[in-house]
Amino acid sequence: MNWTPTILRIRDISIKMHITFLLLLAFEAWIWSTHGVTGIAFGIGLTVLLFTCVILHELGHALVARALGIPVREILLLPIGGIAYLTKTPKTPRDELLIAIAGPLVNVVIALCLLPFVGTSSSIVDFPGPESAPTVNLLLTGLYSANIMLVLFNLLPAFPLDGGRILRAALAMVISERNATTYATVIGQGVAVVIGTISVMSGQIFLAITALFIFFSAGSERGETRARSLLVTRRVGDAYNHMALSLSPADRTSRVVDLILTSYQPDFAVMQGNTILGIVTRAHVLEALATEPVDQYVAAIMNRDFVRVPHTMTLDEVRMTIAAASDEVAAVFNGKEYLGLVSLVDIDEALAVIDYVDRNKSLTA
Ligand SMILES: [Zn+2]
């Protein structure tokens, strides 16, 4: 079952809605149903318009990101808000700042447009509840308040909310990106704990879920940034497998099975002299065994269209290049000379070692 069907496509950005969003619609229709059919229409209309504002907010991020050379794959709508998925991380703190600020700015503009229709008696954060009669004026006032709340909420310095990204970008202009991320995510987790506690005490379920989401996202962003900052310090030329066994095109799958079982090496270069013809992975062999019971030549099952990387590339760049090709392994070259293979698993293992060395260095320094 597709939990996130695409509801709209704007140029190359697909806008997807999580199916649980329908529960929120049903819930709003139900609480407004005390006013009959008009109430139900009001509840659904308010929710749809509110989420249109959320989509516009995410499009604000997406369009600025694209203008800065970072295409946006998709925007996902969850009952707790929206997320715009960038295909790359912003290159500079300035770019991250501009992308982060664009979203809340859209809501400021929407709120300003609604301002003339807002009754003077209502306070700025006066979101309508079913105790009021459903009128057009209430709808506009409710949307105005919602946009103000979206701005205030998103500007909380709680990574990965926009405010947290703005904080990290501002810090990264004066200290290293890694330290900026550490501070921003720790502050974000602190804010998430405060929001979580308040929301549990006041019985606000959606807010409590959002607080949990913030807490865990901040933690995983910190891990990812640390991984990136460590992997950019090493070049793949110093971290590929020099000792790897290789195959000749005339070898058969049975020999690869033997080699996998006796060496635990999962990926093999198929070589003719000093030239690499292709790569055979454990997955290729298993697939070949499952579909063709005969003992095939490795030349028939190898991947000839493999990822090639220069030995000067950093492990972080290699990791991104392999992932972008939806592959698992790359061949490392010095000019035209083939050096060896490196896989995502190798890079993860290298990361564990570099991380250990780095932590011990900081303990003894
Ligand atoms: Zn945002």
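Computed from a predicted structure; not experimentally measured. Numbering of ligands and ligand atoms starts at 1, following listing order. Here, residue 1 is the first one in the sequence, and each next residue gets the next number.
Judged by a 6.0 Å distance limit and a 45° cone about the ring axis, R168 is not positioned over the six-membered ring of Y183.
Remark: aromatic rings of F117 and Y144 are distant, center separation not under 6.0 Å.
Aromatic ring orientation, W30 versus F27: tilted (interplanar angle from 30° to 60°). Ring planes of F42 and W32: tilted class, angle from 30 to 60°.
We find that D95 and K91 are not joined by a salt bridge, their nearest charged nitrogen and carboxylate oxygen being 4.0 Å or further apart. The pair R319-E224 counts as a salt bridge, with a side-chain nitrogen and a carboxylate oxygen less than 4.0 angstrom apart.
Counting only protein N, O or S atoms, 4 lie closer than 2.8 Å to the Zn ion (ligand 1).
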